[in-house]
Amino acid sequence: MAEVLPPPPVVRRARAGYIDWMRGLAVLIMVLAHVVDAWTVMGPTRQTRPYFWFMVLAGMGAPLFLWLAGLAVPLAAHARMRRGASLAEASWSLQKRGWQIFGLALLFRLQAYVFSAGATIYGMLKVDILNIMGLSLVAAGWLWGRGRTPRTRLLLSLGVTVAILVLTPLLRVWSWPALLPDPIEWYLRPAPARSTFTLFPWSAFVFAGLGLGEWLAITATDRQRWFHAACLIGGVSLSVAAYQLSFVPTLLPGSNFWTTSPAFFSVRLGVLVAAFGLLYFLLHPDSVWARLTWPRHWSPMELLGRTSLFLYWVHVELAYGLPSRPLHKALSFNGALVAFAVFMAGMVALAMVKSKYWDHETPWHRSSRPDAE
C-alpha cells in the first residue's frame, strides 16, 4: 500500500511583501547593470574606481534573482500541498514551472534574433540567466520531491550546493566537456559570446535558496523574527568568514576568485541571506520598524518584484536593441546613470500597466495573493 504522508506543519501565510521587495531590488540592479553597460562609452571611463564598484553591485543582480527563485520553490510547494496536492503533484508542478521559464528563454533568444541587428541563428543557442534559472528550477523541484521530511530536503539542497561549487573549477580544466556538442558544453562552462551564465556555479544559488526556503516554510509564525535574525547574523558571519578564507590557497585546480571560487560564492550568498533578514525587520508588516512608520499602501519595489519576469523580457531589448541604438556606448558614466533613472521610471509605468490590465490587480495597492502562489 502507498505510504500516506502527513501534511507539513505549516500555516497559511499572506504574501510576504518583503520578498517581493527584494525581488524588486534584483530588478533594479539588473536594469542598472544593463543600461549602464549598454550606454556607457568605451575607454577610460570603464577603468575608474566608481565604475568598478558599479560592476560589483551589478554582479549581485543575477545571484539575487536565482537565489530568490530557489527560495520560492518550497514556499510554492507547501502552498500547493495545503490546497490538497500530493508530494509528487507539488513537485511536478514546480518542475513544469521551470520548463516554462526555459521555454521563455528560448523565445527570448528568438526575439533577439528577429529584432536585433547582426543577430545570427547560431546566437539563438546562447545561454543566459533564464536558461539557467529554468533548468535549475526543474532540478530543484525534482529534488524537493525526493525528500520526505524537511530535514532530508535541507540536507539534499546543501549537498547539491556544495557539489556544484566543487565541480565548477574542475570543469574549467577538465578536457572531456570539449567532446560534448557545443550547445551542451556552453551550459557547463563558459564560451566567449555563447554563454553569459553556466549551470556551474550559477545553479548553486538556486539550491542554496531551496534550502533556506524550506527552513522558512516550516518555521512557525511566532518564530519568524528569530528565523530572520538568524539569517541576518548568519549571513554577515558567512560573508566575513568566506572573505577571510579567500586568502587561503585553494585545493581546487582551476579556481579563480571572481569566477569559480567557492569563497566568492559564499561572500555573495552571505550578503543575500543577511539582506533577506534585514529586509524582514525593515519592511514586514509585523516588524518593529513598520509599526513605527506610516502605513504604506503602495510600494513600487514590490510592484517591480511581482512583474520581474515581464520586465526582464522587455528591458533587455530596449537597452541593447534597436529602440536605443543611438545611445549605445554614447554616454558618460554619469550620463548613463541619469538615463537609467529615466528608463527605470518607464519600467515602473510598464509594470503598473501590466499589473492592471493583465493581472487585473490595482497596481497602487499591495497584492493580496498568497505567498509564492
Side-chain angles (χ1 to χ4, degrees), residues 30 59-70 73 94-95 97-110 112-113 119-144 146 156-211 242 246 250-269 272 312 316:
M30 171 185 66
M60 293 300 297
L64 183 51
F65 259 122
L66 294 169
W67 184 75
L68 287 172
V73 167
L94 298 172
Q95 294 174 61
R97 176 59 174 167
W99 285 120
Q100 290 170 358
I101 293 178
F102 184 74
L104 288 175
L106 299 181
L107 287 176
F108 180 77
R109 302 315 313 174
L110 176 61
Y113 171 72
T120 64
I121 295 180
Y122 207 52
M124 292 175 59
L125 300 176
K126 179 181 178 181
V127 183
D128 214 330
I129 186 172
L130 289 185
N131 304 69
I132 300 304
M133 180 183 291
L135 293 179
S136 299
L137 289 178
V138 171
W142 179 86
L143 187 71
W144 185 90
R146 305 286 71 77
L156 286 173
S157 61
L158 176 62
V160 172
T161 302
V162 172
I164 293 171
L165 296 180
V166 171
L167 289 172
T168 295
L170 298 178
L171 282 167
R172 305 295 174 94
V173 297
W174 283 341
S175 59
W176 66 261
L179 302 176
L180 300 171
D182 287 347
I184 296 179
E185 183 185 359
W186 299 341
Y187 280 88
L188 301 180
R189 59 186 185 184
R194 297 305 180 194
S195 53
T196 306
F197 296 91
T198 54
L199 288 170
F200 299 85
W202 292 98
S203 63
F205 285 107
V206 174
F207 290 101
L210 176 70
S246 69
T250 180
L251 300 177
L252 297 173
S255 180
N256 179 279
F257 178 77
W258 292 106
T259 55
T260 60
S261 168
F264 186 46
F265 171 88
S266 300
V267 169
R268 290 181 292 178
L269 179 61
L272 299 180
Y312 177 86
V316 172

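No hydrogens, no waters, no symmetry mates; every other heavy atom, side chains included, goes into these values.
Leu199 and Ile132 make their closest contact through N-CD1, 3.4 Å (heavy atoms, listed as atom of the first residue, atom of the second, distance). Among all heavy-atom pairs drawn from Phe197 and Ala62, the shortest one is CE2-CB, 3.5 Å. Closest of all the heavy-atom pairs between Ser157 and Phe207 is CB-O, 3.5 Å. Between Ser255 and Ser261, the shortest heavy-atom contact is OG-CA, 3.6 Å. When all heavy atoms of Ala208 and Phe265 are compared, the closest pair comes out as CB-CZ, 4.4 Å. Across all non-hydrogen atoms, the minimal contact from Arg189 to Thr198 is C-CG2, 3.4 Å.
The backbone N or O of Leu125 sits nowhere less than 3.5 Å from a side-chain atom of Arg109 that would complete a donor-acceptor pair. With hydrogens and angles ignored, the 3.5 Å screen pairs a side-chain donor or acceptor of Asn256 with a backbone N or O of Trp258.
Here CG of Leu94 is found 8.5 Å from CG of Leu137. Values are rounded to the nearest 0.5 Å. Residue Trp202 holds its CH2 atom at 11.5 Å from CE of Met133, rounded to the nearest 0.5 Å. Note: Ile101 CD1 to Leu135 CG = 10.5 Å, rounded to the nearest 0.5 Å. Atom CZ of Arg268 and atom CG of Leu64 lie 11.5 Å apart (nearest 0.5 Å). Atom CG of Leu180 sits about 6.5 Å away from atom CD of Glu185, to the nearest 0.5 Å. In this structure, CE in Met124 is found 12.5 Å from CZ in Phe108, a value given to the nearest 0.5 Å.
The shortest distance between side-chain heavy atoms of Arg172 and Pro253 does not fall below 4.5 Å. Looking only at side-chain heavy atoms (C-beta outward), Val166 and Pro262 stay at 4.5 Å or farther from each other. The closest side-chain heavy-atom distance from Trp174 to Leu167 is below 4.5 Å. Here the side chains of Thr196 and Ile129 are not in contact, with every heavy-atom distance at 4.5 Å or above.
Annotation: Phe205 is not in aromatic contact with Phe65 [ring centroid separation under 6.0 Å not met].
Within the structure, the side chain to side chain donor-acceptor pair (under 3.5 Å) test picks out the following pairs touching residues 131-142 (sequence neighbours left out): Asn131-Tyr187.
Within a 6.0 Å sphere centred on CG of Leu251, other residues, nucleotides and ligands contribute 12 heavy atoms or fewer. By the 6.0 Å contact criterion, CH2 on Trp99 is open, its count of non-hydrogen atoms from other residues, nucleotides or ligands being 12 or less.
Paired with Val160 under the rule side-chain contact (heavy atoms from CB on, under 4.5 Å), one option of Leu143, Leu165, Val206 passes, and it is Leu143.
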Would you sort out whether Asp128 and Tyr312 count as a side chain to side chain contact (heavy atoms under 4.5 Å, CB included), showing the intermediate values? CA-CA 12 Å; Asp128 214 330; Tyr312 177 86; 3.7 Å; yes

